[in-house]
Amino acid sequence: MRIKRLLSLCLLRVALGQTTAQTLGDVLTGQSATLSTLNTWLESQQLVYAMLSNAQGVTMLAPSNNALSQLTNTALATQLGEDANLLTAFLSYHVLNGTYSISDLSSGLTTTSPVPTLLDIAAYSNVTGGQRVAARSQNGAVTLISGNGAQSNIESSDFSYVGGTLHIIDSVLTIPAPLSTSLITAGLTAAVGAMRRASVESTLNTASDLTIFAPNNAAFNAIGSLVADMTDDQLSAVLSYHVVPGRVLYSELVAGGGRAGTAQGANVTFRAEDGGVFVNSARVVQADLLVGNGVVHVVDGVLNPANSTATPDPTASTQEPAFNGATSTDGGVPFTSAVTLSGTPTITVSGIPVSANVAPMRTAAVGVAALVGGAAVLAGW
Ligand SMILES: *[C@@H]1O[C@H](CO)[C@@H](O)[C@H](O)[C@H]1NC(C)=O
Ligand SMILES: *[C@@H]1O[C@H](CO)[C@@H](O)[C@H](O)[C@H]1NC(C)=O
Ligand SMILES: *[C@@H]1O[C@H](CO)[C@@H](O)[C@H](O)[C@H]1NC(C)=O
Ligand SMILES: *[C@@H]1O[C@H](CO)[C@@H](O)[C@H](O)[C@H]1NC(C)=O
């Protein structure tokens, strides 16, 4: 009798032990006040749900009910309903490869270097090791930064489950768009116009693992007198000097100083001085813009491969152009006339969320082949 009771107590312990190891489904159900929309949606997407539930050592960034309701009537919601690859990419991007608690995400490790996600479908990510999400921490609150500089706040955190941990976010992450689409969205129309004139746009859009230093429109304007007379080859050489091929240098590497070889052949030099970060003599005015095939840092000057020793004046608010004698002209910002904010036929935004305000998520008929294949279905990539 006693032995039997002891035995059933043991069995009860075992049973309890198993139930304390929650599944992803347990967390979603337990947090139904904020995660019921995601739960309902995943339950209708059994294959994706199984993939997410089986992933080990991960951090699920779960959009809240409110976050998903913001997608109502968006183009993104329609596309997610129609394109299984996009749906897989979108969800994979919401899963960090690694178990990161909220304190991990607010510590130096992840706030200096963007964190890899499970998004590695070639059509959406040409970044070795998976597309990244950046984390920024202020006063204990963690903000995640995704494509187009989109910000999502973690509103509650550290729901452990068998596959890792889950944090609830207040808006969905944006999959980083192709390079030139991202540049246009960021208002860097002169850089895109120059890429088109030099016929390097598609090469840059499809190369993997790039670091791009993208001059802003004011930077191109400041050397307007010169660029008008450049041949396409000269322009191409100048643009190539803004590209570090095969290395994705997120901001902490640039801020760490040193040099990097460019596609043009000459090196660029990185400096951190007086609180600013410089590439040759140009100041980095926006760091870590995540794009489909790497990272963009926006700079306030056009870099000159024939002036690779140019040094900044860190105390000046604007830098001398790195091209001797160049001035701005009255003719408007160079290269921008051919670039409109809505894009041109060479650019597709198909499948890439650009804005976040649009149909409730429709459920997709997801085929196994589509999920495991992840073929590049998007033209223009
Ligand atoms: C996750 O990261 C590990 C290395 O830390 C890597 O081996 C694995 O392939 C990554 N998984 C995915 C799906 O990218
Ligand atoms: C990714 O990069 C590789 C190597 O540069 C290239 O061949 C491929 O077309 C790129 N994929 C996409 C979708 O741009
Ligand atoms: C670039 O810098 C490296 C050192 O960082 C040096 O070894 C190399 O010779 C430089 N290349 C050119 C083309 O100056
Ligand atoms: C090199 O850049 C500096 C600005 O950093 C500029 O003053 C100088 O005129 C440039 N030299 C040449 C040869 O373009």
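One-based numbering, in listed order, for ligands and for the atoms of each. Note that this is a predicted model, so its numbers are computed, not measured.
With a 4.0 Å heavy-atom cut-off, ligand 2 is reached by the backbone of Ser208 and by its side chain too. Looking at Asn126 against ligand 2, only its side chain comes within 4.0 Å, counting heavy atoms.
Applying the 4.0 Å criterion to heavy atoms of Ala207 picks out, from ligand 2, the atoms 2 (O), 5 (O).
In the model, Asp170 has no side-chain atom that pairs as donor or acceptor with a side-chain atom of Ser64 under 3.5 Å.
Atom CG in Leu105 sits 6.5 Å away from atom CG in Leu144 (nearest 0.5 Å).
Listed by chain and number, Arg259, Gly265, Asn267 each place a non-hydrogen atom less than 4.0 angstrom from ligand 3.
For the side-chain contact (heavy atoms from CB on, under 4.5 Å) test with Gln45, the passing option among Leu87, Leu91, Leu52 is Leu87; the others fail.
Classified by interplanar angle (parallel below 30°, tilted 30° to 60°, perpendicular above 60°), the ring pair Phe335/Phe220 is perpendicular.
Every residue meeting the side-chain hydrogen bond (donor to acceptor under 3.5 Å, both in side chains) condition with Glu252, not counting sequence neighbours, appears here in chain and number order: Ser113.
Taking the side chain as every heavy atom from C-beta outward, Tyr250 and Leu290 approach each other to under 4.5 Å.
Judged by distance alone, the side chain of Asp26 and the main-chain N or O of Thr23 form a donor-acceptor pair under 3.5 Å.
Remark: ligand 1 and Asn97 share an N or O pair separated by less than 3.5 Å (distance only, no angle test).
Counting non-hydrogen atoms of other residues, nucleotides and ligands closer than 6.0 Å to CD of Gln138 gives a total of 12 or fewer.
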